[in-house]
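Working notes, beginning with the structure itself.
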Amino acid sequence: MDSIKTVIKDNYKKSLSKLESDYRKDYDNDVMFKRLANQTKLSTDTLMKYTTRLELSACEHNNCSKCKNILECKNEVSGYCYTPDVIGEELEFAYVPCKYKVALDEQNKYLDNIYYFDMPKDIKNAKMKDIDTKDKNRFPVIKWIKEFLDNYEKGKDVKGLYLNGNFGCGKTYLLSAMLNELAKKGKKVAIIYYPEFLRSLKSTFGDNEEYTTLFNKIKKAELLLLDDIGAETVTEWGRDEVLGTILQYRMEENLPTFFTSNLTVEELSQHLSTTSREVDLVKAKRIIERIKQLTDDITMISVNLRK
C-alpha cells in the first residue's frame, strides 16, 4: 500500500513539474503569452492549469496584432479572438469580437431594418454612392430619388415610384440603393422579388399562421419594393387576393410603395387582365388604378448592365 501511495505521489509531482515547465517555457519565450498571464494578476500555480488555453489565446492575439482586415483573419472563429477573463480566482475564456468585426457589424446594422425576399447580394449591398451617374437616361430617376428622399425625410406625404424599362438597365439597383439608405436611418423596408414571393406564399396554404405572418410582413412594411411585377403567372388569387389587398392597404395607410417592371403600366394592365381561366379587364383596371394612386410613373431605357 505504501508503495502505491509513493508511486501516485511521484507521478503527481512529475505532472506538476511538467505543468510548471511548460508554463515557464511559454512565459519566457512568448511575449504575448507573458502579457496575457501578467494581466490576469493570478498566481503561477493557478495559471499553470490554463497553459494550453493561454497558448491558444496568445496565438490568436498574435494573429490579431498582424491583421489588417477581417478577410485576413487566421483565428479559429473569423472576426473573434480567444480571450481570458478573470472570474474570482479562476480564468474563463470567450471569443471576443475584434475591432474589424465590431466595425463590420455596425456597418451592416441597417440590415436588421430590411426584409429581403429572394434578392441577390448586389441588391443587398446597393449604395447611393455607387450609382452610375454617367448615363443621362438615368437622370430622371436619380432626380426623382433625390426629391423623394428630401420630401420623405421632411415628413411630407409622398408617392412611391413605378419604374419600368428594358431588361438589365439597373431599375432594381437604383431603388434598392435608396431604400438601403433609408434603412440605415432606421426605416423599416421590404424588398421583394415578386414572382417568387407569390410562389412561396402559395406554398404556405394550409398553414394559416405562416401565411398570415409572411403576407403581413409585406403588406405592412413601412417602405415596400415589389420587384419585377409583370413577370409572375397571373391567377385570380394572386391578382385579387394578394396584390389587390396589399395595394388597398398601403393606399389607405399612405405607405410608400415601389415597383420595377419590364412592362409599362398599360402593358401591365393587359398582363393582369388575363388568367388561365378568363379575361377580366375590370379587375385588372382596378389594380392599375391603385398603382397609379400610389406611384409616379417613369420609364428608363438604358444600357443592359447584365451583358
Side-chain angles (χ1 to χ4, degrees), residues 106-117 119-194 218 220-230 246-247 250-268 288-306:
E106 184 62 29
Q107 179 182 333
N108 292 331
K109 193 174 181 180
Y110 76 96
L111 294 173
D112 294 338
N113 293 326
I114 304 184
Y115 177 66
Y116 296 104
F117 191 94
M119 300 304 295
K121 185 177 180 180
D122 67 316
I123 296 303
K124 297 177 182 179
N125 294 330
K127 298 178 178 65
M128 292 286 289
K129 67 181 182 65
D130 294 333
I131 288 176
D132 181 5
T133 58
K134 296 177 182 178
D135 187 346
K136 65 180 182 180
N137 292 320
R138 291 172 159 229
F139 288 176
V141 182
I142 294 172
K143 180 175 182 291
W144 185 94
I145 286 174
K146 289 180 177 178
E147 290 176 355
F148 174 87
L149 288 173
D150 184 53
N151 290 326
Y152 185 72
E153 290 175 4
K154 288 179 180 177
K156 296 182 179 179
D157 289 338
V158 286
K159 281 189 172 185
L161 181 65
Y162 183 90
L163 179 58
N164 72 91
N166 59 291
F167 176 83
C169 66
K171 302 182 294 294
T172 306
Y173 189 95
L174 283 168
L175 291 182
S176 295
M178 178 190 73
L179 293 173
N180 286 344
E181 293 300 321
L182 287 169
K184 291 174 183 177
K185 298 178 180 179
K187 306 301 182 183
K188 299 297 182 181
V189 173
I191 300 178
I192 310 301
Y193 179 61
Y194 187 62
I218 307 309
K220 297 181 178 182
E222 186 175 354
L223 295 141
L224 172 65
L225 168 58
L226 296 180
D227 179 48
D228 212 9
I229 189 170
I246 289 173
L247 298 185
R250 300 187 67 78
M251 195 168 61
E252 292 171 352
E253 297 298 320
N254 198 28
L255 296 172
T257 309
F258 306 85
F259 304 85
T260 64
S261 182
N262 293 330
L263 305 178
T264 65
V265 172
E266 292 73 21
E267 289 169 339
L268 181 66
I288 296 302
E289 288 305 314
R290 290 171 182 166
I291 290 176
K292 287 181 176 179
Q293 188 162 341
L294 281 165
T295 65
D296 295 321
D297 181 10
I298 297 180
T299 297
M300 182 175 74
I301 304 299
S302 186
V303 177
N304 185 350
L305 301 174
R306 299 185 189 177

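In this text, all values refer to a predicted model and were calculated from it rather than measured experimentally. All values below come from the heavy atoms of this structure, side chains included, with hydrogens, waters and symmetry mates left out.
Judged purely by atom type and a 3.5 angstrom limit, T299 has no side-chain atom pairing as donor or acceptor with the backbone of D297. S261 contributes a side-chain N or O that, together with a main-chain N or O of I229, makes up a donor-acceptor pair within less than 3.5 Å. Judged by distance alone, the side chain of R138 and the main-chain N or O of M300 form no donor-acceptor pair under 3.5 Å. The backbone N or O of V303 sits nowhere less than 3.5 Å from a side-chain atom of N166 that would complete a donor-acceptor pair.
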(message) Working note: R250 + L224, criterion side-chain contact (heavy atoms from CB on, under 4.5 Å); need CA distance, chi angles, decisive distance, verdict.
(response) CA-CA 9 Å; R250 300 187 67 78; L224 172 65; 3.5 Å; yes
(message) Determine whether T260 and D227 satisfy the following criterion, side-chain hydrogen bond (donor to acceptor under 3.5 Å, both in side chains), listing intermediate values before the conclusion.
(response) CA-CA 5 Å; T260 64; D227 179 48; 2.4 Å; yes
(request) Quick one: do K127 and K184 satisfy side-chain contact (heavy atoms from CB on, under 4.5 Å)? Show the steps, please. (result) CA-CA 11 Å; K127 298 178 178 65; K184 291 174 183 177; 4.2 Å; yes
(message) Show, in sequence, the C-alpha distance, side-chain angles and deciding distance for V189 and N113, and conclude whether the side-chain contact (heavy atoms from CB on, under 4.5 Å) test is met.
(response) CA-CA 6 Å; V189 173; N113 293 326; over 6 Å; no
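Looking at L182 and E222, their side chains never come closer than 4.5 Å, going by heavy atoms from C-beta outward. Side-chain contact check for N137 versus I301: every heavy-atom pair is 4.5 Å or farther apart. Residues N164 and L268 are not in side-chain contact: their nearest non-hydrogen atoms beyond the backbone lie 4.5 Å or more apart. N125 is not listed as a side-chain neighbour of N180, based on a closest heavy-atom distance of 4.5 Å or more. With a 4.5 Å cut-off on side-chain heavy atoms, I218 and Y115 count as touching. Within the 4.5 Å cutoff, side-chain heavy atoms of E289 are placed close to those of K292. Side chains of N262 and D228 form a contact here, defined as non-hydrogen atoms less than 4.5 Å apart. Counting heavy atoms from C-beta outward, L294 and Y162 have side chains that stay 4.5 Å or more apart.
To the nearest 0.5 Å, the span separating NZ on K159 from OG1 on T257 amounts to 11.5 Å. For the atom pair CE (M251) and CD (Q293), the distance works out to 4.5 Å, reported to the nearest 0.5 Å. Here NZ of K171 is found 11.5 Å from CG of L161. Values are rounded to the nearest 0.5 Å. To the nearest 0.5 Å, atoms CD1 (I142) and CG (D135) are separated by 8.5 Å. Rounding to the nearest 0.5 angstrom, the gap separating the CD1 atom in I145 from the CD atom in E181 is 10.5 Å. Taking OH from Y193 and OG1 from T172, the interatomic distance works out to 9.5 Å, rounded to the nearest 0.5 Å.
More than 12 heavy-atom neighbours from other residues, nucleotides or ligands sit within 6.0 angstrom of NZ on K124. The number of heavy atoms from other shown groups lying within 6.0 Å of CD (E267) is above 12.
Look at K143 and E147 and you find a salt bridge, because one of the NZ, NE, NH1 or NH2 atoms lies within 4.0 Å of a carboxylate O, short of that distance. Using a 4.0 Å cut-off between charged side-chain N and carboxylate O, K154 and D150 make a salt bridge.
Between W144 and F258, the ring planes lie perpendicular to each other; the angle is over 60°, past the 30° to 60° tilted range. Classification of the F148-Y152 ring pair by plane angle, with boundaries at 30° and 60°, yields parallel.
Pairing each heavy atom of I298 with each of P140, the nearest pair is CD1-O, 4.0 Å. Minimum heavy-atom separation, I123 to S176: CG2-OG, 3.2 Å. When all heavy atoms of D132 and K134 are compared, the pair lying nearest together is OD1-N, 2.9 Å.
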